[in-house]
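Notes to accompany the following structure.
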Amino acid sequence: MTAERDDDRIDYDFRRLEAKWLPVWDELQPFDTSDDADERPRKYVLDMFPYPSGDLHMGHAEQYALGDAVARFWRHRGFNVLHPIGWDSFGLPAENAAIKRGGDPATWTYENIAQQRESMRRYAASFDWSRVIHTSDPEYYKWNQWLFLEMYKKGLAYRKESLVNWDPVDQTVLANEQVLADGTSERSGALVVKKKLTQWFLRITDYADRLLEDLDKLEGRWPHKVLTMQRNWIGRSYGADVDFVIEGRDEPVTVYTTRPDTLFGATFMVVAPDSDLAAELVSTASAETQARFADYLAQVQKTSAIDRQNADREKTGFFLERYGVNPMNGERLPIWTSDYVLADYGHGAIMAVPAHDQRDLDFARAFDLPVRVVIDVTQAEEPPVDADGRPLAFDEVDPAATGEATAGDGVLINSGPLDGKPKAEAIAAAIELLGERGTGRAAKNYRLRDWLISRQRYWGTPIPVMYDEDGAEVLVPEADLPVRLPDGEGLDLKPKGSSPLGAATEWKTTTTPDGRPAVRDTDTMDTFVDSSWYFLRFLSPNDSTQAFDPAAAKRWAPVDQYIGGIEHAILHLLYARFITKVLHDLGHLEFDEPFDALMNQGMVVLDGAKMSKSKGNFVKLGDELDQYGVDAVRTTMLFASPPEEDVDWADVSVAGSGKFLARAWRVAQDVAAPVGVDFADGDVELRRAVARFFDEVPKLCEGFKLNVVVAKLMELTNVTRKAIDSGVGPADPAVREAAEAIAMVLDLFAPYTAEDMWQALGHEATVAHAVWPTPDAALLVEETVTAIVQINGKVRDRLEVPPSIADDELEALALEADGTKRAVGDKQIVKVITKAPKFVNIVVKG
RNA sequence: GCCGGUGUGGCGGAAUGGCAGACGCGGCGCACUCAAAAUGCGCUGUCCGCGAGGGCGUGCGGGUUCGAGUCCCGCCACCGGCACCA
């Protein structure tokens with residue numbers, strides 16, 4: 001920029017642009033989607049809605065920059081884009097804040113929402129502000145209650161007593177999905193303990209097969225990682241249920257095994273100490289054993305998940321003085337108890353085959369129980385070998401000697417009718433044999449457990465159930481919904497192991513529909529219930545007669561593009577898939593997967609580590625916005641890397657993005673060709689660059705390569721600058737064409753800058769509505785292309801040739817090229833591969 | 001242990017089996033300036049060479065191919081998920 005220009009022009013100033021355009025957009029409401037008659041094709045682009053814990057932070061800035069670029073992209077492609085926003089506003093932080101500072105969770109929540117909403121407005125997120133929802137509004141959570149009643153009536157919501165996860169810090173139960181692999185709560189970080197309680201569950205396990213199998217439909221459209229995580233989480237396994245007659249017990253005990261082929265190798269049985277079965281079996285044992293059992297059970301219940309999951313732990317347990325009978329060979333098997341068997345998986349009891357299961361082997365070796373090999377792994381198709389590749393002999397892989405169970409493939413031995421069969425065949429044969437005898441059958445099992453939704457906290461959806469004087473469950477009639485939360489002010493919200501609602505005596509006391517006295521359920525629902533269907537509420541956010549309008553659902557749903565963090569890979573996404581299938585089965589929806597495509601954006605980190613206020617490596621979004629402006633922050637977020645990768649704020653230059661935006665903006669200021677000029681009269685080279693740009697950019701956007709789109713914008717800005725300063729000059733129509741192209745695409749990243757450029761170029765707001773042109777095919781064909789000439793695969797020369805050149809012409813030119821002559825010398829040409837017009841490879845010898 | 005992903009300059013990252021390192025950051029140099037900032041221009045993988053030019057180079061080792069960052073096989077490292085789930 002020259003000195004004169006400084007004198008007579010206003011320079012790029014993001015503060016001025018933000019102040020100038022926000023009120024205009026407020027007035028225009030450019031992203032309103034209320035016109036049902038709009039005939040453009042539709043897209044539903046949804047960003048995972050935020051939890052209102054304080055103001056927006058850098059993570060939000062990344063997520064909403066990405067979601068907004070995607071939404072804006074489809075609008076520029078001529079789509080009617082639904083891009084709504086709301087708040088996931090029930091939950092513990094509000095309640096904990098209220099306890100800490102006094103006051104009401106509602107006040108804290110709605111103040112934060114107001115702040116976040118204002119920040120999103122400033123951030124220029126292209127939301128349809130007419131569809132805002134808050135899950136903590138009675139108008140919203142009424143439909144959680146409706147959903148619960150619907151599910152109850154179908155037997156999908158039920159109450160049972162079981163061992164559940166208890167968070168001693170938040171003083172509430174948690175779903176399995178909310179407990180991390182290390183046994184801590186994903187929310188509070190506390191070590192979760194097991195507690196026996198009666199709680200409400202949703203029968204997600206009924207949907208396990210569909211939740212698993214329908215993941216195949218999402219292949220290629222959801223991140224592979226998320227699909228894998230969900231498959232792991234559901235954890236389906238195939239095997240058999242086998243009935244073992246128990247001496248002194250009428251009913252046989254069923255065990256689940258994935259290896260019915262190894263039944264002849266079973267040498268004992270094990271039951272989970274915390275199962276009802278263990279308590280029953282031990283009741284006939286000696287007084288000494290019973291006492292020992294009581295101690296052991298107490299010990300086990302104290303053991304944290306973190307310890308219990310440690311497979312290296314010493315095996316513990318003891319003999320229950322009972323015997324089962326192997327249905328395959330009639331053998332008597334001692335029954336032991338040990339905490340390596342889990343009460344809530346399979347049937348809480350196993351048959352132990354120490355030779356072929358490492359856990360059983362560890363136990364057998366610890367307590368001197370017999371080990372019987374029934375699979376000869378040395379006869380497998382790929383038998384085990386030592387370090388030098390020599391096949392191992394049978395006695396070298398003997399589990400009893402090596403301590404290593406042989407779980408792999410092999411051929412059955414010591415197994416009567418199964419002898420000689422390979423593993424897979426033997427499994428099928430064993431199941432058939434069991435079937436014939438009526439002592440077993442094929443079965444499958446899941447890691448997935450039913451979804452525990454009761455929470456002993458205040459700030460959530462009341463469960464619409466009451467209990468009469470006999471304690472029987474009575475549903476709140478649909479007409480009486482919502483069951484509103486009592487005012488939180490004045491209620492003691494401190495966690496004390498039972499719901500604060502229990503203290504709301506007046507609220508709690510009610511009557512059944514037929515007039516009998518009753519008390520309400522005082523627990524509230526897991527907030528993941530709220531978020532499992534919120535994407536449907538956006539379609540008819542103010543409908544007071546139904547959860548969502550089926551006609552609107554038909555019009556917009558399912559979500560075409562969902563965008564959010566990987567932290568919800570299992571929790572929210574699994575629940576939303578489940579509830580969608582339930583709503584489908586109840587006849588409310590035509591589709592049964594909620595999110596057609598999913599994109600997980602990466603995190604914003606600092607110096608390679610997750611940002612954390614307590615560790616001091618923290619960047620405040622507000623500071624960045626104040627210093628560099630919204631556009632520069634948004635552009636930086638998306639230019640830094642492909643959106644699914646993490647962005648390290650230490651590696652980026654927000655100032656650099658700002659420099660680029662100023663450069664682009666100045667190009668628009670310098671355009672001298674009048675608005676409406678015929679671009680066909682413009683400089684052909686620059687026009688070709690614009691055509692290529694509009695050819696490439698949509699493909700890049702669809703592939704989420706937004707960082708490359710920013711790079712293309714920078715390239716086009718650079719060549720346009722050159723055309724103005726040292727080329728065809730500012731009055732050339734192609735310069736205008738290029739500047740308009742930059743404005744229209746820059747809108748994805750920097751809406752303020754793009755809007756101001758658009759205006760400077762003589763157009764009316766808003767650039768967000770400008771549909772990108774289809775490039776002229778003639779301009780995409782180059783006049784000349786650079787053909788590369790390789791000798792033995794190494795580039796030795798380049799030739800400018802017409803794109804229509806024939807193979808033999810190009811080959812002739814290549815053989816005469818200087819670089820060819822130099823590199824070939826007196827060597828012999830063996831072969832020439834020519835792919836006109838791009839390249840020639842000459843293979844030489846000698 | 002099982003499953004999945006990722007490895008490219010000083011850094012972030014580009015690259016339908018066909019010019020590796022686009023674009024940017026950082027660095028160096030230059031112009032403008034009394035000076036600085038801002039702005040603009042140029043150079044910037046590495047080694048050899050004054051240069052022309054050449055050697056090497058996408059985690060490691062093989063393979064397919066006229067040609068491999070890209071495809072195949074085997075490793076290594078890091079990241080993530082699952083894991084006493086029978």
Side-chain angles (χ1 to χ4, degrees), chain A residues 1-3 5-6 11 180-181 223-237 239 255-259 262 270 272 308-313 315 338-342 344-353 356-360 362-363 407 445-449 566 569-570 635-636 639-642 644-648 650-657 659-660 662-663 666 699 705 707-715 717-718 721-722 725-726 786-798 819 822-823 830-835 838-844:
Chain A
M1 160 145 3
T2 60
R5 203 183 290 158
D6 267 337
D11 201 5
L180 302 181
H224 202 257
K225 186 176 177 177
V226 175
L227 298 177
T228 305
M229 284 168 74
Q230 292 219 353
R231 288 188 180 110
N232 281 345
W233 187 262
I234 295 166
R236 181 166 70 186
S237 74
V255 306
Y256 174 72
T257 177
T258 54
R259 296 295 304 278
T262 62
V270 187
R308 189 159 174 170
Q309 280 173 5
N310 182 0
D312 299 332
R313 215 164 111 244
K315 289 279 184 292
S338 173
D339 65 357
Y340 83 89
V341 174
L342 307 178
D344 59 352
Y345 183 79
H347 306 280
I350 62 154
M351 65 175 205
V353 185
H356 308 296
D357 182 288
Q358 191 61 48
R359 297 153 299 180
D360 295 346
D362 292 344
F363 192 80
N445 245 304
Y446 308 90
R447 222 189 68 89
L448 181 72
R449 307 292 148 82
I566 186 76
I570 295 171
T635 304
T636 302
F639 181 53
S641 61
E644 63 273 22
E645 300 294 328
D646 290 351
V647 174
D648 194 326
D651 292 336
V652 303
S653 167
V654 196
S657 299
K659 254 155 69 170
F660 155 64
R663 235 171 117 70
R666 282 193 296 266
K699 292 177 219 162
K705 297 184 170 189
N707 55 328
V708 184
V709 175
V710 177
K712 298 290 175 195
L713 272 165
M714 290 171 168
E715 281 179 351
T717 301
N718 289 344
R721 180 80 260 158
K722 276 209 172 85
D725 289 347
S726 53
T786 306
I788 58 165
V789 182
Q790 298 181 340
I791 313 297
N792 284 351
K794 287 197 188 339
V795 180
R796 295 302 180 200
D797 211 336
R798 296 175 172 78
R822 195 164 48 232
V830 183
K831 191 174 175 183
V832 182
I833 298 106
T834 307
K835 291 268 170 69
K838 295 290 281 293
F839 87 105
V840 181
N841 187 18
I842 300 165
V843 185
V844 300

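Order of the sequence lines sets the chain letters (A, B, ...), proteins ahead of strands, with each chain counted from 1.
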Original post:
Counting a pair only when it is Watson-Crick or G-U and both distances are under 3.5 Å, which runs of at least 3 such pairs involve RNA chain B?
Top reply: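 Consecutive-pair runs (3 or more) involving RNA chain B: B:1-7 with B:76-82, B:10-12 with B:23-25, B:26-31 with B:39-44, B:45-48 with B:53-56, B:59-63 with B:71-75.
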Spacing of the [atom1] atoms in [M] and [N] (rounded, Å):
N	M	atom1	answer
B:C60	B:C28	P	31 Å
B:G5	B:C50	C1'	49 Å
B:A36	B:A52	P	33 Å
B:G10	B:C82	P	36 Å
B:C78	B:C30	C1'	43 Å
B:C43	B:G61	C1'	37 Å
B:G7	B:G24	P	23 Å

Using a cut-off of less than 4.0 Å, is there contact between a side-chain N or O of [X] and OP1 or OP2 of [N]?
X	N	answer
A:Arg663	B:G40	yes
A:Lys831	B:C66	yes
A:Tyr256	B:A86	no
A:Ser237	B:A86	yes

Subject >> Listed partners of A:Ala823 passing side chain to side chain contact (heavy atoms under 4.5 Å, CB included), at least two apart >> reply: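 For A:Ala823 the side chain to side chain contact (heavy atoms under 4.5 Å, CB included) partners, ignoring immediate neighbours, are A:Ile791, A:Arg796.
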Selected nucleotide, minimal atom distance to [X] side chain, candidates [options]:
X	options	answer
A:Arg666	B:G40, B:C66, B:C25	B:G40
A:Ser641	B:C82, B:C3, B:G12	B:G12
A:Trp233	B:G54, B:C82, B:A86	B:C82
A:Met714	B:C23, B:C82, B:C25	B:C23
A:Thr257	B:G5, B:G13, B:A86	B:A86

Subject >> Spacing between A:Lys659 atom NZ and B:C25 atom C1', to the nearest angstrom >> reply: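 So the two atoms are 9 Å apart, to the nearest Å.
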Original post:
Rounded to whole angstrom units, what separation is found between the CZ atom of A:Arg721 and the P atom of B:G42?
Top reply: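 Those two atoms, CZ and P, are 13 Å apart.
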What pairs of nitrogen or oxygen atoms, one from the protein and one from nucleotides 15-22 of chain B, lie under 3.5 Å apart?
unit_1	atom_1	unit_2	atom_2	d
B:A15	OP1	A:Lys705	NZ	3.2
B:G18	O6	A:Lys835	NZ	3.2
B:G18	N2	A:Gln790	OE1	3.2
B:C19	O2	A:Arg798	NE	3.0
B:C19	O2	A:Arg798	NH2	2.6
B:A22	O2'	A:Glu715	OE2	2.5

Original post:
When you match A:Asn792 and A:Gly656 each to their closest nucleotide on RNA chain B, which lands nearer the 5' end?
Top reply: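 On the 5' side of the pair lies A:Gly656.
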**OP:** Could you check A:Arg796 against A:Ser653 and say which one's nearest nucleotide on RNA chain B is further toward the 5' end?
**Re:**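 Nearest-nucleotide comparison on RNA chain B picks A:Ser653.
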Original post:
Where does B:G12 land, syn or anti, once you apply the within-90°-of-0 test for syn?
Top reply: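 Judged by the O4'-C1' to base torsion, B:G12 sits in anti, the angle falling more than 90° away from 0.
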Original post:
With a 4.5 Å heavy-atom cut-off, do A:Lys705 and A:Val709 have their side chains touching?
Top reply: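 Answer no - side chains too far apart.
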Original post:
Are side-chain heavy atoms of A:Val843 and A:Asn792 found at a separation under 4.5 Å?
Top reply: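 When only atoms from C-beta onward are counted, A:Asn792 and A:Val843 do touch, with a gap below 4.5 Å.
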**OP:** Could you tell me whether A:Asp357 and A:Arg259 have a side-chain N and a carboxylate O separated by less than 4.0 Å?
**Re:**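 Looking at A:Asp357 and A:Arg259, the cut-off is not met.
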